[in-house]
Structure formats: structure tokens, C-alpha cells
Amino acid sequence: MNAYWMEAKCEFLKTARMRSYSVSTILFPLMFYCFFGLAMGRQQMPGMAMPMAHYLLATYGAFGVMGAALYAFGVGIAVERGLGWLEVKRASPMPPAAYFLAKAAVSLAFGAIVIALLFTLGALFGGVRMPAAQWLLMGGTLVAGGLPFCALGLAIGSFAGPNSAPATVNMIYLPMAFCAGLWLPFEFLPKAIQQAAPFLPAYHFSQIALSILHAPVHGAVVGHVGALAAFTAVFAGIAWIGQTREREKMYG
Amino acid sequence: MPVAELSGVTKRYGEVAALGGISLALERGELVALLGPNGAGKTTAVRILLGLARPTTGHAAVFGQDPASRKARLRRGALLQVAKVPETLRVREHIELFSSYYEKPLPLAETIAAAGLGGIENRLFGDLSGGQKQRVLFALAICGNPGLLLLDEPTVGLDVESRRALWARIRGFVARGGSVLLTTHHLEEADALAHRVVVLNHGRIVAEGTPQEIKARTASSGLEDAFLAIVGQSEEMAQEVMQ
């Protein structure tokens, strides 16, 4: 048990001290929320009785949580796998699951930090007001929504090389965030993108978060949860193929 | 029962034969150096004993167990060639983490002393010199109080002083009853440390004995000459077999 706890603790310290990770994961969503959510915050969403600052709290929350998971898993695993560190750990008596569980715990912890700061911004400067239970449900849902993106990151990290991983993550993360309506409200996007969005896990994630705000959403929440579960299974399967391929190539 | 054993082990990667059938037994308290040029199969032999690679044919065991088993892992420490170690953990944190993997690790202070890391245990790994970094990796190998150490080119890239400092740490481990298999292409290193030298070339054992015996076999004054002579002979033999 001690090994699992130590692995998570060291993973957190290691990641928090990496400025390239901690600054970009925390700062970017906050910055974007300031530009779009706060600067235009008092405007009402077209056709909804809801200010922008309120609506975008859900989407930038989803954006922040996704980034924390995708960088920790996608880049973290690609680097440690590609440059030999994962092998040192595999030669040791480390419980194999400890490595992945620690990364998941740290991804969710950073997701929670982003959400807490974002909510603070929204409440202080965006005039967002909700009952306490709704804040908590919203925060908990957003943080838990990081899990499918841990799986996606694991899939990326199991295939990408150590140098190409950051670019690969960005190529998937940023366009997906845009097309799922995380930067600009979904209703502002071109019709073609709106029709393609159900193929993106980020779309289902943001729809779930928006439903907690009682914003109008497309389709039933149950369907979105099911879609995320299916995406998670697919990503885990891809990651499993990558890990198996790696083992066969190197360990024979 | 030998501490580590390879019997009739071959390893093929596709068309490439990394090991062409080697047998090797490491006894308690013994330090064996696997010596050979790059590509001789040294790292492959170590990876098989670490459970990171499976022999194509033949049998490998660590303390009588499958090298990939948890029992084998708990009694073994390893120092591998690694391109990048996480730099934002402190020396102490790296050691505490690896210690937590073992059932009966050494006390932290003892590991720090045995690896010569006193005074720098609170530094970040990324701020250390090359010699200090290698001593941290050595600390991770010994922190679980293992009976067997597998060291893959432990002093590669180190200056003379750092190399000698690490040698002293390795000797200390053997003096306490530990067994060591180390790979090297520094002949001086094999001469200075090993009870027994096993010379590998093209995945086969081409000579085996104490450093003195190896030198005597070829009437060479130094191990380096002996090594070159042995490797040269084996190349000629290989060519004859090919023809």
C-alpha cells in the first residue's frame, strides 16, 4: 500500500515542479477564461437566460481538466517510456498498476486545482452565483470527467515518441477543444463542425457539464455518459495494443 | 543454488541473434564482469536476468525463480542505462520511492551513506553532476537490500575520479556478501573489480576465468591486450565457420 501512496506523492511533486507542465496546464485555461469568459462576461448567451461568464465556466473547466490529463499521460508516458525510465521501474518490484494509478491521481488533482481557481475567478469577477450543492456537483463532475482523457493520453503516450509527444497531444487536444465548443459556445460554430462533434469525447464531456448549469444541451445526459464510457474503453484498448506491441518488440 | 543463472540461453530479435547460446552461473558473494565490445550481447544477457526480455530458448533464473517474478524482483537491484531520469525529484525522494517497492529496504540513512550521497540528499536530481547522478542510480539499485545487483555499464561516461568512487561503492556491496553481475567495455574496470571475467563476442562466450587467467591465456601483460587477442581469435574462428 505504501508503494502506491509514495508513487502518487512523488508523481505529484515531480509534476508540480515541472513548470512546463504546471504553468501551462493551470495558466492557459484561466487565461482563456479571462479573455472570453470575463471580458464578455456580462453579455447574455444568445437565446439563453445565462451570462457568458456562467456558461463558459463549464466549457473552460472541461478544457482545463482535459489538458491536465492529456499532458500528464500523453507526454509523461511517452517521455518516460521512450527515454528508458519506465524500464528501470519495470525492472524494480514496483507494483505495475502503481505507475498508472499515480498518474491518474495526479491528473485529477491538477484538474481539481484548475477547477478551483476557475470557479474562484468566475465567482469573484464573473458574477457567477449558484447554490453550494450545484458548485460541488459541477466541480466533482468536471474533475471526474478527466478520466476518459487519461485513457486518451495513455493511448497517445503508448505510441508517440518522446520528442513528438507534446506536438501530438496539442494536435489532438486543441482542435478537439475548439470543435467541441469549449472555447466558443457550441452554437457559434459552423453547422458542419456541430454535426461532427458527437465523434469527439470533449463534446460529450462539455454537454454533461452544461446540463448541470441547466443550460440547453443536445441529447440526454445518459447518452453522453455512455458515449464517454465507450470512448474510454476504445482508448484503453488502443493503449493496451501499444503496450503489448512495445513489450513484444523490446522484451520479445 | 546459484544466485543468477543462464543455461543454454539464446535470444533472437527477428533475424538478429543477440545471444547464441550462453551458460553462466553467478555464486553468492561473487562479482562477475561481462566484458565485450558493443553489440556483443551483454545488455541482452542482463535484460533476460531482469525479466525484461525472454530467452528464445534456454532457461534463466534468479535465486531459483523466474527473473520476471515478484520474488526475484524483491531480491534484486538494477542499474540500467537510461537516457533521462526525472529531474524534478530530490535525491531523498527518489530513494524513498524505490525503497517503498521493497519489503525490507535499508534505512534511508544507510542507503545514502552506502551510495556516497551524504550532503546532497535534498538536491534535485537535475542539479547533480554526472558522477552524482550515477551514484543516485546506484542507491536505487541497493536501497531494497538485495542479494543481487545487475549493473549495465555503471560507469559509462564518468570521469576517472567518479568511476573510482563508484567502484568503491560496488566493492562495499560485495564485501557485505552481495553478488554482482556487471557489464563493461572498460577492461580496467573488469580487472579492478571482478573475481571472474566472462568475455562475450557476437553473442557467445569466447573466454572465461579470473582476470589473471585471462591475461595468462594469451601471454598478455594487460587485460586489454588479452581482450583484443581473444576477440580477434574469435573473429577468425567465426570467419572460418562461415566459410
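Convention: sequence-line order gives letters A, B, ...; per-chain numbering from 1.
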From the list B:V85, B:I48, B:T56, B:L140, the residue making the most non-hydrogen contacts under 4.5 Å with chain A is B:V85
Between A:R90 and the options B:L52, B:L50, B:L80, the side-chain contact (heavy atoms from CB on, under 4.5 Å) test singles out B:L52
Shortest non-hydrogen pair, A:G84 vs B:V82, comes out as C-CG2, 3.6 Å
In terms of heavy-atom contacts, B:L89 and A:C10 come closest through CD2-O, 3.5 Å
Original post:
With side chains defined as the heavy atoms from C-beta onward, is the minimum distance between A:V88 and B:F98 less than 4.5 Å?
Top reply: yes
The interface call for B:R90 against chain A, heavy-atom contacts under 4.5 Å, is both
Before giving the answer on salt bridge (charged side-chain N to carboxylate O under 4.0 Å, His left out), spell out for B:E87 and A:K14 the whole-Å C-alpha distance, their side-chain angles and the decisive distance to 0.1 Å. CA-CA 8 Å; B:E87 296 190 335; A:K14 179 184 85 181; over 6 Å; no
* Asked: Does some side-chain heavy atom of A:P95 sit less than 4.5 Å from a side-chain heavy atom of B:Y101?
  -> yes
Exercise. Are B:E93 and A:M6 close enough that some pair of their side-chain heavy atoms sits under 4.5 Å apart?
Worked result: no
From the list A:R17, A:E7, A:K9, the residue making the most non-hydrogen contacts under 4.5 Å with chain B is A:R17
Under 4.5 Å to a heavy atom of chain A? For B:L150 that would be neither
**OP:** Look at atom CZ of A:F100 and say whether more than 12 heavy atoms of other residues, nucleotides or ligands are closer to it than 6.0 Å.
**Re:** yes
In this structure, OG of B:S100 is separated from OH of A:Y4 (nearest 0.5 Å) by 11.0 Å
So for atom CE, which belongs to A:M171, do other residues, nucleotides or ligands contribute more than 12 heavy atoms lying within a distance under 6.0 Å? no
Above 12 or not: heavy atoms from other molecules or residues under 6.0 Å from CZ of B:R171? yes
- Query: Does B:E103 reach the side chain of A:P93, with side-chain heavy atoms less than 4.5 Å apart?
  - Reply: no
TODO: With side-chain contact (heavy atoms from CB on, under 4.5 Å) as the test, would you mind laying out the steps for A:Y21 and B:T88 before giving the verdict?
DONE: CA-CA 12 Å; A:Y21 175 83; B:T88 49; over 6 Å; no
Practice prompt. Please examine the side chains of B:L97 and A:E11, heavy atoms only from C-beta on, and report whether any two atoms are closer than 4.5 Å.
Written response: no
